[in-house]
Colleague: 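One structure, pasted below without further comment.
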Amino acid sequence: MSDMKSLSTTPAVHALHPAEKPGVLVKPGAEPVLKATNVTKWFGENHVLRGASITVWPGETVCILGRSGSGKSTFLRSLNFLEDPTDGTVEIDGVIVGADPFHKEGSERQDRIREVRMRAGMVFQEFNLFPHLSVIENCVEAPIHVKGMPRKEAEAIAEKYLAKVGLLEKRDEYPSRLSGGQRQRVAIARALTMQPKVLLFDEPTSALDPTLVGEVLKVMADLAHEGRTMIVVTHEMDFAHEAADRVYYMDKGEFAEVGPPEQVIDAPKDPRTKEFLSRFRTLGSKK
Amino acid sequence: MHIDAELLAKAVAKDEARRAARWQLRFRLGWAALLALLAAFVFFSLNVEIDFLTRATPFIVEGIWITLAVSSASIVLATLLAALGALGRLSSNAVVNAIASFYVSFFRGTPLILQLLVWYLALPQVGIILDPIFCAIGALGMNYGAYMTEIFRAGIQAVPLGQREAASALGMSGGTAFRRIIAPQAFRIIVPAIGNDFVAMLKDSALASTVALHEIVWRARNIGQKEFKTLQTFIIAAMIYWTLTIVFTAVQNRIESRLAAGDRNKAVKG
């Protein structure tokens with residue numbers, strides 16, 4: 001026990017990476033909307049995240065690249081505490097939640113985690129739509145039952161976003177009747193209907209048939225260009241290149257290289273990034 | 001030789017349909033023959049006394065209401081206990097979990113007939129005297145509740161983890177996620193199992209004849225034994241159970257296909 005008492009989590013002193021500068025759509029003087037500091041995760045003996053930090057300003061799109069198993073999905077899932085980090089701090093829109101590896105904190109921390117989740121919409125690789133609810137019900141479920149929003153208001157917002165992703169005519173359809181691409185677009189509309197400050201995408205096109213990837217990426221690119229704040233874990237180099245303000249390359253649980261896509265993707269400096277990207281280049285031409 | 005592909009396909013389809021129809025016909029003939037055999041056995045090997053049958057049949061048939069009442073009340077009790085038990089088995093609270101798993105282990109680990117006798121014969125020893133109908137409901141309900149606990153738990157666990165994660169990511173509390181997202185999906189998995197158990201319960205309720213509950217088997221035995229005609233009365237009882245089973249299995253299949261088509265129906269309505 002005395003051992004445990006002497007172990008304390010790292011205080012949250014957030015430091016900017018030299019390459020972290022507000023993107024082009026960020027209003028001058030704006031404060032970061034998301035700060036993750038020293039996020040660390042152990043799965044048993046396995047050191048999955050070795051103190052990863054990230055700063056995102058409102059209006060930015062950042063992409064996290066890295067080979068599978070590098071910890072990039074675990075990092076993203078730590079931002080809304082679907083994975084509870086072993087150490088580190090996450091701050092989203094002023095709500096601060098630190099790691100609590102010994103479960104010392106009570107329900108008050110759980111409440112803050114829910115506050116964080118309401119501010120961070122998430123889009124999953126496997127869509128995770130609710131199969132027993134229609135498209136519109138999928139979208140309004142949380143706004144009504146979590147935020148306490150009146151149904152009419154929630155439906156109006158949901159319809160706006162369903163129109164944006166091009167699926168308003170499917171509002172009363174059930175997920176089982178939709179294609180993968182349509183499901184993922186509904187999932188994006190569902191996340192947006194909560195009116196989050198940040199959208200988290202966890203490899204949103206990896207489970208899709210190749211012919212359906214484009215429609216989802218297009219919706220995401222549109223959102224990025226209109227100034228949505230997005231963190232995207234992806235293998236889609238072209239998307240990262242075109243839509244990201246900043247790219248983070250993760251290797252073995254830490255960010256090996258950070259910078260604008262023109263630098264990280266086109267002219268990587270770190271040998272690990274170089275090696276990773278060379279695998280993409282050998283097969284094909286980059287335009 | 002050239003064969004027109006379309007003609008060939010049509011011929012194949014026709015042949016397949018003919019074979020399927022023939023199979024159906026043979027299947028039904030098989031059933032009809034077996035039924036006829038059974039009827040022949042009843043009519044020729046027994047003294048069919050219309051007088052006795054007209055006295056015995058209504059008396060036994062009246063037991064249907066008791067059988068149905070006990071089975072219905074027991075399935076309701078079992079469902080409630082199973083819901084609580086499943087929540088207990090899935091609880092992160094170790095003590096709650098221990099209570100639930102103790103319940104399941106004990107009631108699945110001892111014979112139903114013994115449990116029934118405890119309610120009827122042993123509880124009076126400690127001053128608890130219950131009407132046979134409450135003994136039957138208590139024993140059947142608690143026993144089936146233990147089995148159904150595991151079914152309910154499996155049904156809840158069969159809802160993919162991604163559903164829980166999506167609900168959490170939207171800011172839902174554990175309770176809200178369970179009520180709004182997990183339970184409705186688990187329900188679709190569980191309902192057919194409840195139907196199955198109800199049909200099984202209809203027959204297991206016959207055990208309550210041993211605690212003097214005047215249900216179908218008790219009536220068949222009593223009126224039969226008085227005149228040494230239990231073979232006749234048990235056949236009547238068997239026919240009643242068989243009919244009940246067929247009827248309720250059909251009802252259950254209907255509910256099941258409704259549930260399976262639930263999404264489609266709702267989509268059409270909406």
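Small disclaimer: the values here were computed from a predicted structure and weren't measured. Below, read A as the first sequence line, B as the second, and so on, with proteins coming before strands; counting in each chain starts at 1.
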Colleague: How far apart are the C-alpha atoms of B/Glu165 and A/Arg77, what are their side-chain angles, what is the distance that settles it, and do they pass the side-chain contact (heavy atoms from CB on, under 4.5 Å) test?
Modeller: CA-CA 10 Å; B/Glu165 289 194 339; A/Arg77 290 161 55 83; 2.6 Å; yes
Colleague: For atom CZ of B/Phe187, is the number of surrounding heavy atoms from other residues, nucleotides or ligands below 6.0 Å larger than 12?
Modeller: no
Colleague: Are the side chains of A/Arg190 and B/Leu170 in contact, using a 4.5 Å heavy-atom criterion?
Modeller: yes
Colleague: Shorter than 4.5 Å, heavy atoms on both sides: which option in A/Met122, A/Glu126, A/Glu141, A/Glu115 has the most such pairs with chain B?
Modeller: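 When all of A/Met122, A/Glu126, A/Glu141, A/Glu115 are compared, A/Glu141 has the most.
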Colleague: For the pair A/Asn128 (side chain) and B/Gly162 (backbone), establish whether a donor and an acceptor sit closer than 3.5 Å, ignoring hydrogens and angles.
Modeller: yes
Colleague: Around atom CZ of B/Arg254, are there more than 12 heavy atoms of other residues, nucleotides or ligands at under 6.0 Å?
Modeller: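 It does not: B/Arg254 CZ has 12 such atoms or fewer within range.
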Colleague: Do B/Ser173 and A/Gln110 have side-chain heavy atoms sitting under 4.5 Å apart?
Modeller: no
Colleague: Measure distances from B/Thr176 to the heavy atoms of chain A and classify the residue's part below 4.5 Å as side chain, backbone, both or neither.
Modeller: side chain
Colleague: Can you say whether A/Ala187 sits under 4.5 Å from chain B via the side chain, the backbone, both, or neither, judging by heavy atoms?
Modeller: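 Answer is neither: A/Ala187 stays 4.5 Å or more from chain B.
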Colleague: If you compare all heavy atoms of B/Gly171 against all heavy atoms of A/Met118, which two are closest, and at what distance to 0.1 Å?
Modeller: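 Residues B/Gly171 and A/Met118, closest heavy atoms: CA-CG, 4.3 Å.
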Colleague: For B/Glu6, does the CD atom sit with more than 12 other heavy atoms under 6.0 Å from it, leaving out its own atoms?
Modeller: no
Colleague: What side-chain donor-acceptor pairs closer than 3.5 Å can you find for residues 74-82 of chain B, not counting sequence neighbours?
Modeller:
unit_1: B/Ser74; atom_1: OG; unit_2: B/Val70; atom_2: O; d: 2.6
unit_1: B/Thr79; atom_1: OG1; unit_2: B/Ile75; atom_2: O; d: 2.6

Colleague: Measure distances from A/Leu129 to the heavy atoms of chain B and classify the residue's part below 4.5 Å as side chain, backbone, both or neither.
Modeller: backbone
Colleague: Has the side chain of A/Arg117 got a donor or acceptor atom that lies under 3.5 Å from a matching backbone atom of B/Ala169?
Modeller: no
Colleague: Where the side chain of A/His132 meets the backbone of B/Arg180, is there a donor-acceptor pair that is under 3.5 Å apart?
Modeller: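 Yes.
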Colleague: Return all side-chain donor-acceptor pairs below 3.5 angstrom for residues 192-207 of chain B, not counting sequence neighbours, or 'none' if the list is empty.
Modeller:
unit_1: B/Asp204; atom_1: OD2; unit_2: B/Tyr144; atom_2: OH; d: 2.6
unit_1: B/Ser205; atom_1: OG; unit_2: B/Leu202; atom_2: O; d: 2.7

Colleague: Against chain B, label A/Phe130 side chain, backbone, both or neither, depending on which of its atoms sit under 4.5 Å from a heavy atom there.
Modeller: both
Colleague: Looking at A/Lys164, I want to see if its NZ is surrounded by more than 12 non-hydrogen atoms of other residues, nucleotides or ligands under 6.0 Å.
Modeller: no
Colleague: Are there over 12 heavy-atom neighbours, none belonging to A/Phe43, within less than 6.0 Å of that residue's CZ?
Modeller: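 Yes, because the 6.0 Å sphere around CZ of A/Phe43 holds more than 12 heavy atoms from other groups.
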